[in-house]
There are 2 protein chains.
Amino acid sequence: MRNVVAELLTIGDEILFGQIVDTNSQWMSVALSNAGIKVIRKTSVGDVESEILTALAEAEKRADIILITGGLGPTNDDLTKPCLAKYFDCEIKMHEEALVEVTEFFKSRGRELTEINRQQAALPVCCEKVTNAMGTAPGMWFNRNGKVFVSMPGVPHEMKKMMTDIVVPKLIKTFNTPAIFHQLIRTVGIGESFLAEKIADWEKSLPSHIKLAYLPSLGEVKLRLTALGENRQTLLEETHSLIEKLKPLAGDYIFGYDENPLEVVMGQKLTEKKLTVAVAESCTGGYLSHLFTSVPGSSAYYLGGIIPYDYEIKMRQLGVRPETLEKHGAVSEPTIIEMANLVRAKFKTDIGIATSGIAGPGGATPEKPVGTVWIAYSDKHQTVARKLQLSKDRMINIRLASIATLNLMRQHLPAD
Amino acid sequence: MRNVVAELLTIGDEILFGQIVDTNSQWMSVALSNAGIKVIRKTSVGDVESEILTALAEAEKRADIILITGGLGPTNDDLTKPCLAKYFDCEIKMHEEALVEVTEFFKSRGRELTEINRQQAALPVCCEKVTNAMGTAPGMWFNRNGKVFVSMPGVPHEMKKMMTDIVVPKLIKTFNTPAIFHQLIRTVGIGESFLAEKIADWEKSLPSHIKLAYLPSLGEVKLRLTALGENRQTLLEETHSLIEKLKPLAGDYIFGYDENPLEVVMGQKLTEKKLTVAVAESCTGGYLSHLFTSVPGSSAYYLGGIIPYDYEIKMRQLGVRPETLEKHGAVSEPTIIEMANLVRAKFKTDIGIATSGIAGPGGATPEKPVGTVWIAYSDKHQTVARKLQLSKDRMINIRLASIATLNLMRQHLPAD
């Protein structure tokens, strides 16, 4: 079984100038990957003939499939079609069927067909037309010496419809592609290098057709297993048995196996267990509540929060005892424990969580440098507090403290 | 004045597999364009030595500057460093200064330095170290025959800090790029097309070497003037006189002229006027407070907030009258006015602001569809409420309602 490899070529100055983020190529990578086609390179070039021709030639050397997006508009700065005609050395002629489709498209929208739009139906004679169900510029399918080039519009919904309905099925048929299976494993509460050491032996034991990748982001480390083989079901079973072997080593840190972030997973757990939560957040300043409330339906378990940012407010609105604040300060274990207990009692929820710390850049003391944060979890069985030493960056500290508090809750939710 | 051209090389399977959207290269394109450097190509390759080496060689042929991100992690799938050592044919040795920095980084977080992290301080002897203020993997600056290669981490906040503080200034110095002056004009409370109509004549009057770009984002429209020439001072003066001509046309919507977002500008105004604010937010669920508290020093004017997400909490914790809620509902003018007045009184601040609405997807009624939001502003002189009809998307509604509330405050702050 040989690997079928593809390259993506995005054409357009707007991408090089950073006027738009190229989300097309990410979507296409997933679509191809799910079809067992491996993307080995992505290239973006501007609306410049020489650049486009060079990129096409380089891609043809390396890949079996070259997917091109952009540069198909009706205006003069759109060069993809003439470049492809030049590259495959064939003339551009009016494509009668394409002309009917473009005419229909305009008619259905009660708009008249201008000459400039009419010209969009003219195609290189050496390509097959790929119908554009969502727009006016047809796609083009070229096949030379077993290598396939497909040109598609850059407009995302036009390209996606074309890929899903026509291009991907035709590629699978043309190349009789292998099976591929991706499995995410999401961890929180451990750094990349510490995780790597914990699972080093497991990683060494992976068969050669299953690859592991570390995808760290702020507050979590994703692991991705990619399995390549003949049969998707076999790969799925192999991957799942590998995960079973991973659990004894890193199970405490694993919170999920899909695209759902921690706040969604915690929302599901709270809903299952019919538990409600309230938040008292000082240094996270609303961000922790925002994580909860960004999830649709969160009003079922997140009842509310208080942000006692000011020292006085901690006493007046939340009820933290003046003695506690005077004796230990706002960033201390006794204060955070009171905060978590008080918000749970005031809001009459099953769970109370709290944060208080020095987000920075100001407010630090020799004993409490920037990044010193206390977090706490409280339910009817227990109250637990934890001290964190985070970074020097305010926004990073806000994010990390919020994730750590969600994780503290994850670790202490009542079993039943 | 010759054109300095750059290429971006992104390294990592996660991009080719479509596991992440590459937002780095878009950010870098803008940063380079602002420095008068044109990006002519973007390439993404996987964690494969041969692919990386080929991509480096191709880029060196075409560009003056090659910026590389990704593949600098401590784990085995990270190949950028060994590939660069091989490409420039020099060995990797422990870099004492980098080692000190990595050690400090871990110490400041109270974590022990593992061998795997220690190795991140080992660098090719033919490169200059670029300090990573936000993480453990140092950047690398190579200069060969006047062509510059810079390798940076793929973690966005680490790369951005490195680019802003070190790489871009050093590139400008090294290549003595042409004079370019960018002037932002930031507006809120008006849509792109309405703004365009208001300033159409002014736009027509712009000289050919000064270009205008509309940069709409969620809740605001940025205008960017880009002036290109020999002398920066001249460009600056020309641009400023153009802005004076713009003010009579769009002044009411302009809140700033730099990178500072609305929450920072409002923080400055509150500080100047020595005013304090408290927030009662329901549908925005903590995000409005997060905007305030994301600003360093915000504790001087933002005293705190309450998130009465649950119906009961609106009465019990904030004190909204049951009659008001029963008669008009939580999403109504009488309720939002009470919320703004109550939070101002409870938190003893000069200003109270409030939000209540249907963020969606659930909770809609025939009279109150998803996107219906009430916002209010209250000070000792006045209380004003406004009804918004926003989108069908939850996250967009949370963002837009928060920005609109900041703008309502901007419009009604006491003059003195």
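First the proteins, then the strands, lettered A, B, ... as listed; each starts at 1. Note that these values count all heavy atoms, side chains included, but never hydrogens, waters or copies made by symmetry. All figures in this text were calculated on a predicted structure; none of them were measured in a lab.
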Do the non-hydrogen side-chain atoms of [X] and [Y] ever get within less than 4.5 Å of each other?
X         : Y         : value
Leu215(A) : Val221(A) : no
Tyr287(B) : Tyr287(A) : no
Ile11(B)  : Asp78(B)  : no
Ser282(B) : Lys314(B) : yes

Check whether [X] gets within reach of chain B through its side chain, its backbone, both or neither, counting any heavy atom under 4.5 Å.
X         : result
Val295(A) : backbone
Leu303(A) : both
Glu58(A)  : side chain
Glu197(A) : side chain
Phe194(A) : side chain
Ile313(A) : side chain
Leu291(A) : neither
Thr10(A)  : neither
Asp22(A)  : backbone
Glu51(A)  : both

With a 4.5 angstrom heavy-atom cut-off, is it the side chain or the backbone of [X] that approaches chain A, or both, or neither?
X         : result
Leu288(B) : neither
Glu112(B) : both
Gln317(B) : side chain
Met134(B) : side chain
Arg109(B) : both
Ile398(B) : side chain

Looking only at heavy atoms, which two atoms of [X] and [Y] are closest? And how far apart?
X         : Y         : answer
Pro296(A) : Ser294(A) : CD-O, 3.5 Å
Arg186(A) : Pro261(A) : NH2-CA, 3.8 Å
Val48(B)  : Leu79(B)  : N-CD1, 3.8 Å
Ile358(A) : Gly363(A) : CD1-O, 3.4 Å
Ala330(B) : Ser356(B) : O-OG, 2.8 Å

Practice task
Indicate whether the side chain of Glu263(B) and that of Tyr302(B) have a donor and an acceptor atom separated by less than 3.5 Å.
Solution key: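 Distance-only check fails for Glu263(B) and Tyr302(B).
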Only pairs of heavy atoms separated by less than 4.5 Å count here; which of [options] has the most with chain A?
options                                    : value
Ala55(B), Gly362(B), Ala213(B), Gly154(B)  : Ala55(B)
Leu16(B), Leu32(B), Asp310(B)              : Leu16(B)
Asn117(B), Val155(B), Thr284(B)            : Asn117(B)
Ser108(B), Gly73(B), Pro308(B)             : Ser108(B)
Arg62(B), Gln120(B), Gln26(B), Arg394(B)   : Arg394(B)
Glu115(B), Lys161(B), Glu281(B), Lys348(B) : Lys348(B)

Problem - Verdict with supporting geometry, Met339(B) and Leu318(B), side-chain contact (heavy atoms from CB on, under 4.5 Å) - result: CA-CA 7 Å; Met339(B) 285 172 68; Leu318(B) 189 53; 3.6 Å; yes
Exercise for the section: Verify, without hydrogens or angle tests, whether Lys38(B) (side chain) and Phe17(A) (backbone) share a donor-acceptor contact under 3.5 angstrom. Expected result: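 Flag not set: sc Lys38(B) to bb Phe17(A) has no pair under 3.5 Å.
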Handout entry: Donor-acceptor contact present, side-chain Thr405(A) to main-chain Ala401(A), <3.5 Å
Key =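 Checking the backbone N and O of Ala401(A) against the side chain of Thr405(A), a donor-acceptor pair under 3.5 Å is found.
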Problem - Residue selection (most heavy-atom pairs with chain B, distance under 4.5 Å) from Ile396(A), Leu218(A), Asp393(A) - result: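 Most heavy-atom pairs within the cutoff with chain B belong to Ile396(A).
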Practice task
Could you check which of Gly286(A), Ser217(A), Ser298(A), Ala359(A) has the highest count of heavy-atom pairs closer than 4.5 Å to chain B?
Solution key: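 Among Gly286(A), Ser217(A), Ser298(A), Ala359(A), the one with the most close pairs to chain B is Gly286(A).
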Problem - Per-residue contacts, residues 39-46 of chain B versus chain A, heavy atoms under 4.5 Å - result: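 Contacts with chain A: Val39(B), Ile40(B), Arg41(B), Lys42(B), Thr43(B), Ser44(B), Val45(B), Gly46(B).
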Exercise for the section: State whether Phe347(A) and Arg344(A) meet the cation-pi test: NZ (Lys) or CZ (Arg) under 6.0 Å from the six-membered ring centroid, and within 45° of the perpendicular axis. Expected result: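 Output no; distance or angle outside limits.
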Exercise for the section: For atom NZ of Lys368(A), decide whether the heavy atoms of other residues, nucleotides or ligands shown that lie under 6.0 angstrom number more than 12. Expected result: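 Enclosed.
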